[in-house]
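Chain identifiers are assigned alphabetically (A, B, ...) following the order of the sequence lines, protein sequences preceding nucleic acid strands; residue numbering begins at 1 within each chain.
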Amino acid sequence: MVSPNFITEIIDNDLTTGKHSEVVTRFPPEPNGYAHIGHTYASFIDYGIARDYGGRFHLRMDDTNPEGERMEYAEAIIEDLTWLGWDWGEHIYFASDYYDQLYAMAIRLIKAGKAYVDSLPEDAISEYRGTVTEPGKESPYRNRSVEENLELFERMRAGEFKEGEHILRAKIDMASPNMKLRDPILYRILHQSHYRTGDKWCIYPMYDYAHPLSDAIEGITHSLCSLEFVENRAIYDWLVDNLFEEPRPRQYEFGRRSLEYTIVSKRKLIQLVNGGHVSGWDDPRMPTLAGLRRRGVTPESIRDFASRVGTSRTNRTVDIALLEYAIRDDLNHKAPRIMGVLEPLKVVISNYEGEDWLEADYWPSDIAKSGSRKLPFSKTLYIEQEDFAERPPKGFKRLSPGEHVRLRHAYVIRCDEVIKDESGKISELRCSYFPDSLGENVSGIKVKGAIHWLSAEHALKAEIRLYDRLFSVPNPDDEEGTFLDYLNPESLIVKEGLVEPSVLSDAEGSRYQFERQGYFWQDPKDSSPEALVFNRIISLKDSWATKQVKPKADKEAKPAQPKVAASIGEPLDPVLSFSNEQKAKLEKLESKVFGLSHDDAVMLIADDKLVNYFEDAVLAYPNNPQLTANWIINELRRELAADEAPAQKLKAKDLAELIELINQETINNRIAKEVFAEMLEGKTARAIVAERGLEQVTDSSEIEPLIDKVLAANPDKVEAYKGGKTGLSGFFMGQVMRESGGKANPQLVKELIEKKLQ
RNA sequence: UGGCCCAUCGUCUAAUGGCAGGACAAGUGAUUUUGGAUCACUCGGUCGGGGUUCGAGUCCCUGUGGGCCAGCCA
């Protein structure tokens with residue numbers, strides 16, 4: 001369901017290491033608006049992962065701010081997510097249910113000296129916070145006694161203060177480069193009643209406080225959210241570390257997905273509704289789930305879409321064609337085919353009298369379903385205006401004067417005469433039909449195409465609403481002016497059309513394909529048997545139309561963007577900021593004694609820790625300083641920088657031992673990396689090599705059989721290689737190296753392979 | 001004069017350091033009583049520059065580009 005990604009990788013790891021035995025995720029919407037397509041993606045990851053791992057999925061209303069939150073929204077979100085197919089069983093929660101616990105935990109923090117009541121006014125707090133480039137200042141109230149904090153906080157809760165008079169903050173670090181850590185606010189006073197807790201509280205927890213603790217309370221294992229919360233993770237960890245034991249939840253962030261021709265910002269959606277640009281939150285053009293549902297889009301197709309859009313750590317904008325594909329792909333095998341005419345053109349069959357009820361299959365032959373309805377045929381028909389051309393363009397496969405066409409499920413007709421009204425507009429076609437062309441009994445007349453049609457006296461009038469993309473540009477937010485300037489004026493076109501009489505006897509909520517037009521269903525609000533209203537869910541792919549606009553499309557094609565950056569920036573020379581001592585050291589490392597390249601020497605010297613480490617290592621093994629430098633720069637430094645840093649324990653002389661083994665060619669580079677990884681666990685290089693017998697194999701007579709084995713096992717690859725696919729040399733190398741347990745001398749292997757493949 | 005995150009076909013996404021693959025889009029053809037669907041094929045990519053390595057999309061440095069952080073919002 002959810003395709004593998006960096007999060008499932010983490011989960012796999014947590015499960016195999018036993019860090020968690022079960023996966024518990026949650027989706028935490030705030031009930032202050034309607035769910036939209038963006039929510040489906042996030043909730044899909046949460047629900048899908050829990051489901052895939054046989055774990056638990058919680059729906060939690062993140063209601064920590066009484067302003068704007070309403071039960072009505074919570075209910076709508078529940079309805080929408082249920083419709084989507086997410087199943088949380090009994091696990092529906094409200095952050096507001098945790099208010100007592102959260103309050104108790106705040107007391108604990110205060111008692112531990114980790115939280116304090118600040119009484120600075122709002123603007124001062126903002127000022128004291130500093131900026132992204134300047135550290136903040138500590139509040140004069142930061143060092144109040146525990147007793148005073150306890151008393152003030154209790155009085156805050158009791159409603160003794162006005163909004164803004166006091167707040168509760170975590171005591172972390174006002175100088176942190178991470179702004180979120182500059183004593184984040186935990187509680188604020190809000191004299192507002194809450195849609196669930198009423199007037200019980202006048203202090204409310206902030207998201208940054210309530211969210212991690214709610215996760216921990218519920219036993220969430222993997223708390224997944226979007227990228228803009230990366231900085232918040234620091235508070236998340238701080239709080240959970242201070243208040244909970246292992247196993248505790250961890251937060252992981254994924255990239256958001258936006259959709260072309262769509263916006264989901266709550267503010268902008270409201271503007272669309274209030275400005276009358278759409279009919280409401282469930283207007284079929286809206287990206288809300290309510291809108292999608294009313295339009296007729298199936299939950300299956302939305303799920304399929306979400307699974308086709310992958311998960312990564314980058315914000316991305318998805319091609320809307322992918323959504324459209326998912327919708328069509330689902331409906332293709334679900335929607336019976338009927339006929340509907342959007343813009344009728346009258347056709348009189350001169351040589352036909354009376355009426356016939358023809359049997360017409362609901363399904364094309366490539367769909368393994370059966371069923372049919374009766375279709376009335378008579379002297380006067382309607383066809384689609386588009387399906388007739390007085391002067392047909394090249395490649396036109398429909399009706400034109402003197403030409404034949406198949407009426408879908410019925411006869412072949414020929415156009416004999418075109419009748420126009422006073423204004424010159426075509427008002428009617430006179431055609432003749434071929435009685436022996438029905439069904440398989442083809443009259444011998446060849447036709448290029450088949451068109452849809454309806455019997456004039458039997459067809460039902462219907463309002464047909466043709467919905468299209470809401471915006472005329474893929475990224476309205478990236479354009480000049482406001483997004484409202486880019487509304488697609490043709491996002492809704494209403495037609496007075498005709499449909500088959502059979503629809504009246506179909507079940508409510510039936511979706512159809514109007515052949516050659518698209519997928520439709522009756523609008524669930526506005527349609528009735530007396531006044532039919534059909535919504536177009538999605539048009540059919542139209543390769544004829546695509547072909548027609550091709551020259552234009554070529555012109556519109558984006559000019560090839562040069563991928564190369566226009567300017568090549570000069571790296572800042574770090575030597576400029578070096579002290580005299582560092583400069584002296586640089587000279588030393590670049591001298592013949594050490595012989596390091598300039599860049600490597602600079603890199604080491606820029607970090608005192610590294611240069612000291614380097615000097616110690618070279619002291620322990622002086623034979624190849626450059627090799628030592630390479631290992632420190634390319635391998636060791638990464639480990640030193642890692643969060644959990646076992647490398648701190650790796651002594652310079654131990655690394656020197658590894659360098660010696662490499663330099664003496666006792667082990668090859670590939671093995672060296674394996675050994676290095678094990679050394680982080682505290683063993684020494686020589687011990688690892690001896691224990692596991694990792695010495696390099698340099699004897700051709702030992703290697704050659706391995707090569708023969710690999711070549712024999714892959715005759716096709718050998719063939720391809722000899723045919724010029726030299727990229728396969730890496731494949732052979734890899735196979736042979738693997739066969740040798742990684743121990744073969746790679747240069748030797750390479751030479752031998754090349755010799756054998758000549 | 002900050003910190004953090006990110007960069008693979010047009011789009012989205014894969015590739016224990018070892019054959020850059022898939023899907024959508026586009027194109028060609030087959031098939032078709034839907035210019036749909038289906039099938040086959042084609043087109044097309046590792047942001048630039050250095051380094052490590054037998055071998056780099058993957059590791060290191062750097063440049064460029066993009067995103068996020070200074071609500072008593074979430």
Among [options], which nucleotide sits nearest the side chain of [X]?
X        : options             : value
A:Asp62  : B:A74, B:C19, B:A14 : B:A74
A:Arg638 : B:G35, B:C59, B:C61 : B:C59
A:Pro364 : B:U13, B:G36, B:C61 : B:G36
A:Glu228 : B:C73, B:C68, B:U33 : B:C68

Quiz item: Does A:Arg738 get its side chain close enough to the base of B:U16, under 3.5 Å, for a donor-acceptor pair?
Solution: yes

Handout entry: B:U34 base / A:Gln513 side chain donor-acceptor hit below 3.5 Å
Key =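 Yes, the side chain and the base share a sub-3.5 Å donor-acceptor pair.
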
When you measure from the side-chain N and O atoms of [X] to the phosphate of [N], is any distance below 4.0 Å, counting only OP1 and OP2?
X        : N     : result
A:Arg129 : B:G71 : yes
A:Ser312 : B:U13 : yes
A:Arg516 : B:U32 : no
A:Lys541 : B:U38 : no
A:Arg398 : B:U34 : no
A:Ser543 : B:G36 : yes

Once you apply a heavy-atom cut-off of 4.0 Å, does [X] come out as touching a base, just sugar-phosphate, or nothing?
X        : answer
A:Ile167 : base
A:Thr317 : sugar-phosphate
A:Glu122 : base
A:Asn668 : nothing

Rounding to the closest angstrom, what is the interatomic distance between [N] and [M] at atom [atom1]?
N     : M     : atom1 : answer
B:A15 : B:A30 : P     : 38 Å
B:U64 : B:G29 : P     : 48 Å
B:A20 : B:G57 : P     : 9 Å
B:G3  : B:U62 : P     : 12 Å
B:C24 : B:A56 : P     : 33 Å

Which residues pass the side chain to side chain donor-acceptor pair (under 3.5 Å) test with [X], not counting sequence neighbours?
X        : result
A:Gln626 : A:Asp600, A:Asn630
A:Asp330 : A:Thr298, A:Lys334
A:Thr64  : none
A:Arg129 : none

**Q.** A:His409 and A:Arg337 side chains, donor-acceptor separation under 3.5 Å
**A.** no

- Task: State, without any angle test, whether A:Tyr236 and A:Gln251 hold a side-chain donor-acceptor pair at a distance under 3.5 Å.
- Result: no

Let me check something: any side-chain donor-acceptor pairs from residues 730-742 of chain A under 3.5 Å, sequence neighbours excluded? List them with distances.
from     : atom 1 : to       : atom 2 : distance (Å)
A:Glu739 : OE1    : A:Lys709 : NZ     : 3.1
A:Ser740 : OG     : A:Met737 : O      : 2.8
A:Ser740 : OG     : A:Gly742 : N      : 3.3
A:Ser740 : OG     : A:Lys743 : N      : 3.2
A:Ser740 : OG     : A:Ala744 : N      : 3.0

How far apart are the closest heavy atoms of [X] and [Y], and which atoms are they?
X        : Y       : value
A:Ser312 : A:Tyr41 : N-OH, 4.5 Å
A:Ile77  : A:Gly33 : CD1-O, 3.7 Å
A:Asp62  : A:Ala95 : OD1-CB, 4.0 Å

A:Glu228 meets the salt bridge (charged side-chain N to carboxylate O under 4.0 Å, His left out) criterion, sequence neighbours left out, with A:Arg256

Residue set satisfying salt bridge (charged side-chain N to carboxylate O under 4.0 Å, His left out) with A:Asp208, at least two apart, ordered chain then number -> none

Nucleotide N/O to protein N/O under 3.5 Å, stretch nucleotides 53-58 of chain B:
from  : atom 1 : to       : atom 2 : distance (Å)
B:C54 : O2'    : A:Lys750 : NZ     : 2.9

Its dot-bracket string being built from Watson-Crick and G-U pairs below 3.5 Å, with | for another strand and [ ] for crossing, RNA chain B has the pattern .((((((..((((....[..)))).(((((.......)))))....(((((..]....))))))))))).....

Whole-Å distance, A:Asn475 CG to B:U11 P, equals 11 Å

A:Leu323 CG to B:C12 P, in whole Å, measures 15 Å

Assigned chi class of B:G49 under the 90° convention is anti

Query raised in the report: Is the closest basic N to carboxylate O distance between A:Arg60 and A:Asp215 below 4.0 Å?
Result: yes

Pairing of A:Asp387 and A:Arg398 as salt bridge, 4.0 angstrom limit =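 Judged by the 4.0 Å cut-off on N to carboxylate O distance, A:Asp387 and A:Arg398 do form a salt bridge.
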
Within the distance-only criterion (no hydrogens, no angle test), does the side chain of A:Glu163 pair as donor or acceptor with the backbone N or O of A:His191 below 3.5 angstrom? yes

Closest-nucleotide mapping onto RNA chain B: is A:Tyr187 or A:Glu260 further toward the 5' terminus? I mean the 5' end.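 The residue closer to the strand's 5' end, by nearest nucleotide, is A:Glu260.
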
Next on the checklist: Reading RNA chain B from 5' onward, which residue's closest nucleotide shows up sooner: A:Ser126 or A:Gln517?
Outcome noted: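 This one resolves to A:Gln517.
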
Ordered by number, residues from residues 327-335 of chain A within less than 4.0 Å of RNA chain B (heavy atoms) are A:Asn332

Show the distances under 3.5 angstrom between N or O atoms of the protein and N or O atoms of nucleotides 20-24 of chain B.
from  : atom 1 : to       : atom 2 : distance (Å)
B:A23 : O2'    : A:Arg308 : NH1    : 3.1
B:C24 : OP1    : A:Tyr325 : OH     : 3.2

Nucleotides 4-7 of chain B: which of its N/O atoms have a protein N/O under 3.5 Å away?
from : atom 1 : to       : atom 2 : distance (Å)
B:C5 : O3'    : A:Arg313 : NE     : 3.4
B:C6 : OP1    : A:Arg313 : NE     : 3.4
B:C6 : O2'    : A:Thr314 : OG1    : 3.1

